[in-house]
Amino acid sequence: MTAIHINAVNKVFASQGGEVVALRDINLEIASGEFICLLGPSGCGKSTLLNAIAGFSHPTSGRILAGDKPVVDPGPDRGMVFQEYALFPWMTIEKNIAFGLEVAGRSPAQIKERVDFLLNMLKLQDFRARFPKELSGGMRQRVAIARVLALESPVMLMDEPFGALDALTRRNLQDELLKIWKEFGTTIVFVTHSIEESVYLADRTIVMTYRPGTIKRDVPITLERPRDPADPEFNRIKRMLGELVMEEQQRHENAERLTATAD
Ligand code: ADP
Ligand code: MG
């Protein structure tokens, strides 16, 4: 079954220096339960594509379906986790997780059961009465994930969610995310510019080109989990993806050099 269907999507931004073609002719089918990474250097359109799937912005042309419904705006069927923890600073952790359920009109008993379950699952029980600013970055990102899981969104969209974390915390959260993904059968679209992270996590890594953002390569990763970054096959894939990303990084730098000379 297809969870997300992306068909001939283009996105053009009007900016001061003229038009920026952020996405060109993106075609992608994401199967239900699949873990997809969007990989590429900064500026290649990863967030633009993710925001279009989320319904925060609209393609200039083409269309996106979630299940069999056209995406017109954000919805509880597509939860988003940002790099910057988009938590309500004035609410406790517990309230932050419960918020979406309250808005959805669930009963207090249902909300309590769900929130307790998630606090336990994400090892946040001892922090339920704390406020976001009292938590570490890794903990806050756990809360952001719990908030999306609270709504039982079948699709989770994640924009460099672990980019600001130290290496150890990052690996822990990656492992927890994989556990959640397996347990809930969630479809995950995960943006990263870390090649390692994409090889560690993804069923399929989509490498994007630098401006205009197109799909450069669609790379299935079939290594068994848990994956071992010391494994030779892991490293072979990492090197192959590294070369693809490097080509685009180079194009990025050349483009900037040209702009600088033109000024
Ligand atoms: P990434 O997430 O891969 O770093 P983005 O999707 O944020 O890339 O951006 C892709 C391109 O679109 C960039 O060149 C960026 O400058 C441009 N862009 C993104 N958002 C806007 C906007 N709101 N207005 C104008 N240009 C934008
Ligand atoms: Mg981005």
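We count ligands from 1, going down the list as the structure has it; atoms in each ligand are counted the same way.
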Review point. For Glu197, does its backbone N or O pair with a side-chain atom of Ser194 as donor and acceptor, under 3.5 Å?
Key: yes

Exercise for review: Starting from atom 8 (O) of ligand 1, locate the nearest protein heavy atom and write down its residue, its atom name and how far away it is, to 0.1 Å.
Suggested key: Gly45 N, 3.2 Å

Check your understanding: Mind checking whether Gly40 has a heavy atom under 4.0 Å from ligand 1?
Key -> no

Exercise for review: Among all protein heavy atoms, pick out the one at the shortest distance from atom 12 (O) of ligand 1; state its residue, atom name and that distance to 0.1 Å.
Suggested key: Ala22 CB, 3.5 Å

Revision key, fill the gap. Minimal heavy-atom distance between Ala146 and Leu122, with the atoms involved, is CB-CD1, 3.4 Å

Going by atom type alone, with no hydrogens or angles, which donor-acceptor pairs under 3.5 Å involve a side-chain atom of residues 61-82 and a protein atom two or more places apart or on another chain?
{"residue": "Ser61", "atom": "OG", "partner": "Asn10", "partner atom": "ND2", "Å": "3.1"}
{"residue": "Arg78", "atom": "NH1", "partner": "Ile53", "partner atom": "O", "Å": "3.1"}
{"residue": "Arg78", "atom": "NH1", "partner": "Ala54", "partner atom": "O", "Å": "2.8"}
{"residue": "Arg78", "atom": "NH1", "partner": "Asp73", "partner atom": "O", "Å": "3.3"}
{"residue": "Arg78", "atom": "NH2", "partner": "Asp73", "partner atom": "O", "Å": "3.1"}

**Study point:** Cationic N near anionic O, under 4.0 Å, Arg236 to Glu233
**Key:** yes

Review point. Closest non-hydrogen protein atom to atom 19 (C) of ligand 1, residue and atom name please, with distance?
Key: Phe13 CE1, 3.4 Å

Check your understanding: Can you tell me if Glu248 uses its side chain to pair, donor with acceptor, with the backbone of Pro41 under 3.5 Å?
Key -> no

Point to revise | Atoms of ligand 1 close to Thr48 [distance to a heavy atom under 4.0 angstrom, numbered from 1] | key: 5 (P), 6 (O), 9 (O), 10 (C)

Check your understanding: Between Arg211 and ligand 1, which part of the residue brings a heavy atom under 4.0 Å of the ligand: side chain, backbone, both or neither?
Key -> side chain

Check your understanding: With distance as the sole test, does Arg251 use its side chain to make a donor-acceptor pair with the main-chain N or O of Tyr210 at under 3.5 Å?
Key -> yes

**Study point:** Distance flag for atom 22 (C) of ligand 1, protein heavy atom under 4.0 Å
**Key:** yes

Check your understanding: Can you tell me which residue and heavy atom of the protein come closest to atom 4 (O) of ligand 1, and the distance to 0.1 Å?
Key -> Gly43 N, 2.7 Å

Review point. Side chains of Asp159 and Gln83: is there a donor and an acceptor less than 3.5 Å apart?
Key: no

**Study point:** For Leu201 against Arg227, the heavy-atom pair lying closest together
**Key:** C-NH1, 3.9 Å

Review point. Which atoms of the protein, restricted to N, O or S, are nearer than 2.8 Å to the Mg ion (ligand 2)?
Key: Ser47 OG

Exercise for review: Determine, for Arg204 against Glu29, whether the closest basic-nitrogen to carboxylate-oxygen distance falls under 4.0 angstrom.
Suggested key: no

**Study point:** Option of least heavy-atom distance to atom 2 (O) of ligand 1 (set: Gly213, Gly17, Cys44, Ser47)
**Key:** Ser47

Review point. Does the distance from a Lys or Arg side-chain N to an Asp or Glu carboxylate O, for Asp203 and Arg225, drop under 4.0 Å?
Key: yes

